[in-house]
J.: 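Provided herewith is a single structure, encoded as structure tokens, for subsequent inquiry.
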Amino acid sequence: MSKKFRCALLAGALSAVVAFSAGFSACNIKTSHPRAKITVDFNNISYDIEYTLYRNMYPQTVQHFIELADAGFYDNMIVHNYNTSTDWFTGAYSYNAVSETSDEVYATYDKAYGGGENALLEYLENNSKEEEYYALAANNTLTPTVFKKIGYDDKGKPVPQDALATLIGEFSANDHKIEKNPLEAKMGCLKMFYYEKDESNKKATIVNSAGQILEHDYQYNCATSIFSMQVGNTTSYSKDKYCVFATLRNDKAQDSLKDLMDAIADYIDDYGYSGNFTTSVETSVDKLDTYSKPKKEEKFTMSRTPLVIKTVKITKY
């Protein structure tokens with residue numbers, strides 16, 4: 001019996017098993033195009049940006065994003081990697097969470113920025129959301145899609161074993177192909193992001209939206225909570241390797257994002273920060289990912305005045 005045919009026979013049984021997650025909440029009411037509102041604060045002014053999510057094309061990515069938003073995970077976070085012409089990355093670090101350092105020197109972002117690169121590194125260390133993310137996965141708040149393996153019970157029915165806390169990659173490089181009008185990586189879109197692994201040949205078992213059990217590269221199935229807001233017309237993070245799962249909802253949303261970007265540009269001009277509005281820092285990421293070693297080092301570009309994701313709210317399911 002071919003592997004493909006065997007997978008098809010098992011799909012129905014497995015899909016029922018995979019649904020053990022308790023994190024569906026309001027997502028039981030499913031539409032093709034949910035909506036989300038991201039409120040971004042910059043220099044004490046808030047900007048509401050509305051998005052259309054494409055569950056019909058990228059169901060597991062949208063489900064994952066909704067589950068994290070409903071859990072309040074994305075509220076009060078910083079854009080930790082800022083680039084004026086391509087992408088803003090968020091979903092990994094809190095804003096102004098209390099530091100665990102004894103003197104609390106770097107308890108706030110402003111103090112950390114004033115303390116230089118070492119202070120920013122300490123801030124990131126003390127305000128990482130990685131433990132909280134893994135706790136949500138362990139508590140079945142997040143629907144599992146990636147596994148170390150699929151086991152079978154004594155009746156030969158599939159049972160997911162060793163579910164990983166990561167998300168399946170719904171993009172063409174990972175064999176997720178949309179034949180008609182796939183979303184493009186363009187200005188204003190949202191993309192689920194992952195850090196590339198040194199162990200590029202590491203394999204994992206995935207269960208795709210059709211219920212198929214497949215073995216694929218873990219590198220393409222290791223997204224966690226990080227997503228990017230594309231703010232340029234071009235990007236090195238293309239739709240082929242990073243799942244584009246949302247677009248700006250309408251002209252009002254586009255205007256709101258433009259107003260935010262203009263406010264940043266005006267702030268830089270007004271305060272003479274053209275050469276020092278950002279600082280680059282290199283830090284460890286994916287520290288709790290025990291499935292793929294070694295730990296990664298990534299360089300972030302951090303802005304002098306923080307871009308704060310105040311809330312991410314699902315406004316239509």
Side-chain angles (χ1 to χ4, degrees), residues 1-34 53-71 136-183 191-192 194 202-225 239-246 291-292 314 317:
M1 182 183 296
S2 71
K3 181 178 179 181
K4 183 176 181 181
F5 182 62
R6 183 167 177 265
C7 288
L9 290 176
L10 294 173
L14 181 67
S15 61
V17 177
V18 171
F20 69 78
S21 171
F24 279 49
S25 64
C27 302
N28 286 321
I29 306 170
K30 296 182 178 181
T31 62
S32 295
H33 299 100
L53 313 180
Y54 286 75
R55 178 186 274 127
N56 59 326
M57 296 183 185
Y58 313 100
Q60 289 162 299
T61 304
V62 169
Q63 175 83 5
H64 189 76
F65 182 79
I66 289 175
E67 288 169 346
L68 286 168
D70 281 347
L136 289 175
N139 292 333
N140 295 334
T141 301
L142 307 177
T143 302
T145 57
V146 185
F147 306 84
K148 292 182 182 178
K149 61 182 179 179
I150 299 292
Y152 299 89
D153 63 19
D154 56 3
K155 296 182 180 179
K157 293 183 178 180
V159 179
Q161 295 183 344
D162 300 322
L164 297 173
T166 57
L167 172 67
I168 187 174
E170 293 183 304
F171 43 78
S172 60
N174 201 44
D175 292 333
H176 183 92
K177 293 180 170 60
I178 303 297
E179 299 298 332
K180 186 177 180 180
N181 300 324
L183 297 188
K191 292 174 284 192
M192 195 59 71
Y194 60 92
K202 184 84 170 183
K203 300 297 182 181
T205 301
I206 63 173
V207 182
N208 65 20
S209 57
Q212 293 175 306
I213 309 168
L214 303 168
E215 184 182 70
H216 272 293
D217 292 337
Y218 179 64
Q219 174 169 303
Y220 287 159
N221 299 284
C222 64
T224 54
S225 58
K239 67 179 177 62
D240 297 332
K241 289 188 175 182
Y242 298 89
C243 181
V244 180
F245 67 96
Y291 189 62
S292 180
I314 306 304
Y317 290 90

J.: Rounded to the nearest 0.5 Å, how far apart are OH of Tyr291 and SG of Cys222?
T.: 11.5 Å

J.: Can you tell me how far the CE atom of Met192 sits from the OG1 atom of Thr61, to the nearest 0.5 Å?
T.: 6.0 Å

J.: Can you measure from SG (Cys243) to CG (Asn174) and round to the nearest 0.5 angstrom?
T.: 10.0 Å

J.: Just by distance, do the side chain of Arg55 and the backbone of Phe245 share a donor-acceptor pair under 3.5 Å?
T.: no

J.: I'd like to know whether Tyr58 forms a side-chain contact (heavy atoms from CB on, under 4.5 Å) with Leu53, so could you lay out the CA-CA distance, the side-chain angles of the two residues, the decisive distance to 0.1 Å, and finally the verdict.
T.: CA-CA 9 Å; Tyr58 313 100; Leu53 313 180; over 6 Å; no

J.: Surrounding NZ of Lys203 (heavy atoms of other residues, nucleotides or ligands, distance under 6.0 Å), is the total greater than 12?
T.: yes

J.: When you measure from the side chain of Thr205 to the backbone of Glu215, do you find a donor-acceptor pair of N or O atoms at a distance under 3.5 Å?
T.: no

J.: State whether the side chain of Asn221 and the backbone N or O of Val146 hold a donor-acceptor pair below 3.5 Å, judged by distance alone.
T.: no

J.: Test Phe65 against Leu167 for side-chain contact (heavy atoms from CB on, under 4.5 Å), laying out the working first.
T.: CA-CA 10 Å; Phe65 182 79; Leu167 172 67; over 6 Å; no

J.: Count the heavy atoms belonging to other residues, nucleotides or ligands that lie under 6.0 Å from NZ of Lys202, then report whether that count exceeds 12.
T.: yes

J.: How many angstroms lie between NZ in Lys148 and CD in Gln161, if you round to the nearest 0.5 Å?
T.: 11.0 Å

J.: Look at the rings of Phe171 and Tyr242 and say which category their plane angle falls in: under 30° parallel, 30 to 60° tilted, over 60° perpendicular.
T.: tilted

J.: Atom CG of Asp175 and atom CG of Leu214: how far apart are they, to the nearest 0.5 Å?
T.: 8.0 Å

J.: Is the backbone N or O of Ile168 less than 3.5 Å from a side-chain atom of Gln60, with the two atoms forming a donor-acceptor pair by type?
T.: no

J.: Whether the side chain of His64 engages the backbone of Thr224 through a donor-acceptor N/O pair (distance < 3.5 Å, no angle test) should be reported.
T.: yes

J.: CD/Glu67 to CG/Leu136 distance, rounded to the nearest 0.5 angstrom?
T.: 9.5 Å

